[in-house]
Amino acid sequence: QVQLVESGGGLVQPGGSLRLSCAASGFSLENYNIGWFRQAPGKEREGVSCISRKGDTTYYADSVKGRFTISRDTAKNTVVLQMNSLKLEDSAMYYCAATLWGDAGNYYDTCITPTYDYWGQGTQVSVSS
């Protein structure tokens, strides 16, 4: 069965950290660019970050740049989103997705424009004092 499963969400105070994982089964993430997205209640889904197939290129939304880090764990067929210095506005459901589109050289065309072939079910991140 082909699927993506996110994990690692939870409740954290402002300034805290969380580590989200996106694990694949039934296919290899190495063949796909992977994106992280989030959606808060009443808001549109927005891109957070994405990583190229080889893991040598990463992109971030301006709102998370310098605080979030995306990386691959090839041995575990997983992509990780390390989130530090979390803010109240980071609260949302976080989703990972896989696309066969390639690296277009910039955030929007690599992370936002592509058609994503697989989506996970999401993991909730809540930042609250």
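Side-chain contact between C111 and Y59 is present, with heavy atoms from C-beta onward closer than 4.5 Å. The closest side-chain heavy-atom distance from L88 to P14 is below 4.5 Å. Two residues are said to be in side-chain contact when any heavy atoms from C-beta on lie closer than 4.5 Å; S25 and Q1 fail this criterion. Contact of the R53 side chain with the N33 side chain is registered, since non-hydrogen atoms from C-beta on lie closer than 4.5 Å.
Side chain of R72 to backbone of S52: a donor-acceptor contact under 3.5 angstrom is found. Remark: side-chain polar atoms of D117 are paired, donor with acceptor, to backbone N or O of L100 under 3.5 angstrom. In this structure, E6 contributes its side chain and Q121 its backbone to a donor-acceptor pair below 3.5 Å. Looking at S85, its side chain never comes within 3.5 Å of a backbone N or O of R67 through a donor-acceptor pair. In this structure, the side chain of Y107 engages the main chain of G47 through a donor-acceptor pair within 3.5 Å. Between the side chain of N77 and the backbone N or O of F27, at least one donor-acceptor pair lies under 3.5 Å. Remark: the backbone N or O of A23 is not paired with any side-chain donor or acceptor of T78 at under 3.5 angstrom. Of the possible polar contacts, none joining the S126 side chain to the S91 backbone as a donor-acceptor pair under 3.5 Å is found.
Within 6.0 Å of atom NZ in K65, more than 12 heavy atoms from other residues, nucleotides or ligands are found, so the atom counts as buried in its surroundings.
In terms of heavy atoms, I70 sits closest to T58 at CG2-CG2, 3.5 Å. Here the shortest heavy-atom pairing between A98 and I34 reads CB-CD1, 3.6 Å.
We find the OG-CZ distance between S17 and F68 to be 9.5 Å, quoted to the nearest 0.5 Å. Here the SG atom belonging to C22 is positioned 6.0 Å from the CG atom belonging to L29, to the nearest 0.5 angstrom. One distance of note links OG1 of T57 with CD1 of I51; it measures 8.5 Å at 0.5 Å rounding. Within the model, atoms CZ of R38 and OG1 of T123 stand 14.0 Å from one another, a figure rounded to the nearest 0.5 Å. Atoms CH2 and CG, from W36 and L20 in turn, are 4.5 Å apart once rounded to the nearest 0.5 Å. Here S63 contributes atom OG and E89 contributes atom CD; the two are 8.5 Å apart, rounded to the nearest 0.5 Å.
Note on V12 and V64: same hydrophobic cluster, where clusters join Ile, Leu, Val, Met, Phe, Trp and Tyr whose side-chain heavy atoms are under 4.5 Å apart, directly or indirectly. In terms of hydrophobic clustering, with Ile, Leu, Val, Met, Phe, Trp and Tyr side chains grouped at heavy-atom distances under 4.5 Å, Y95 and V125 are assigned to different clusters. No single ILVMFWY cluster, assembled from side-chain heavy atoms under 4.5 Å apart, contains both V80 and Y60. The cluster map of Ile, Leu, Val, Met, Phe, Trp and Tyr, joined by side-chain heavy atoms under 4.5 Å apart, puts Y32 and L4 in the same cluster. Follow the hydrophobic side-chain contacts under 4.5 Å out from M93 and you reach Y116 in the same cluster.
Checked for salt-bridge contact, D90 and K87 miss the test: no charged N lies under 4.0 Å from a carboxylate O.
Only one option out of T110, T99, V79 pairs with C50 in a side-chain contact (heavy atoms from CB on, under 4.5 Å); it is T110.
By the 30° and 60° cut-offs, the orientation of the rings of W119 relative to F37 is tilted.
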